[in-house]
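Some notes on the structure that comes next.
Letters A, B, ... are given to chains in the order of the sequence lines, protein chains preceding strands, and every chain is numbered from 1. Small disclaimer: the values here were computed from a predicted structure and weren't measured.
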Amino acid sequence: MQTSASDIPFIEQVWEVSRLIPYGRVTNYGAIARALGTARSSRMVGWALKAAADQTDIPAHRVLNRHGRLSGKMHFSSPCKMQELLEAEGIQVVNDTVVHFKELFWDPFELLD
DNA sequence: ATGGTGACGTCGG
DNA sequence: GCCGACGCCACCA
């Protein structure tokens, strides 16, 4: 059988969506969870991202909680790594929180546009 | 096996 | 808009 969406592990789907996040933009766990059809499994999204924190191929640093806070910065190679990566993309971070989060927010469903 | 924890979010009040 | 309860489910002690 071919690679149907249901066959792809949840963690793989999270990574797939994470790669779609445009440069200089951010999103939250709920948006990704909704995109995968599991709106209430946002916790699993964080769990999947944790495994990708070291993966440079995956912009895990662009995923924040719904308050725009860097809730998972501790799981990176260095606690400041996440903020460092965001600032490198021109995203202003103050007190572990992304400034103008609402402006920079990107929803996966925007692809359907 | 069991209970608690966790990069979270949504719902009702 | 804030607060408590609930859902979610892999992982860990």
How long is the span from the CD1 atom in A/Ile21 to the CG atom in A/Leu104, to the nearest 0.5 Å? 12.0 Å

Let me know the distance between [atom1] of [X] and [atom2] of [N], rounded to the nearest Å.
X        : N     : atom1 : atom2 : answer
A/Arg69  : B/dG9 : CZ    : C1'   : 16 Å
A/Phe105 : B/dC8 : CZ    : C1'   : 13 Å
A/Leu64  : B/dG9 : CG    : C1'   : 15 Å
A/Asp107 : B/dG9 : CG    : C1'   : 14 Å
A/Met74  : B/dG6 : CE    : P     : 11 Å

Any side-chain heavy-atom pair of A/Arg62 and A/Tyr23 under 4.5 Å: yes

Can you check whether A/His67's main-chain N or O pairs, donor with acceptor, with A/Asn65's side chain at less than 3.5 Å?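 At least one qualifying donor-acceptor pair exists.
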
[atom1]-based separation of [M] from [N] [nearest Å]:
N     : M      : atom1 : result
B/dG4 : C/dA5  : P     : 16 Å
B/dA1 : C/dC12 : C1'   : 14 Å
C/dG7 : B/dG6  : C1'   : 14 Å
B/dG9 : C/dG1  : P     : 16 Å
B/dT5 : C/dC8  : C1'   : 13 Å

Can you name the closest pair of heavy atoms from [X] and [Y] and give their distance?
X       : Y        : result
A/Arg34 : A/Asp107 : NH2-OD2, 4.5 Å
A/Met82 : A/His61  : CE-O, 3.3 Å
A/Pro59 : A/Ser18  : CG-O, 3.1 Å

Where along residues 28-62 of chain A does a heavy atom fall under 4.0 Å from DNA chain C? A/Arg40, A/Ser41, A/Arg43, A/Met44, A/Trp47

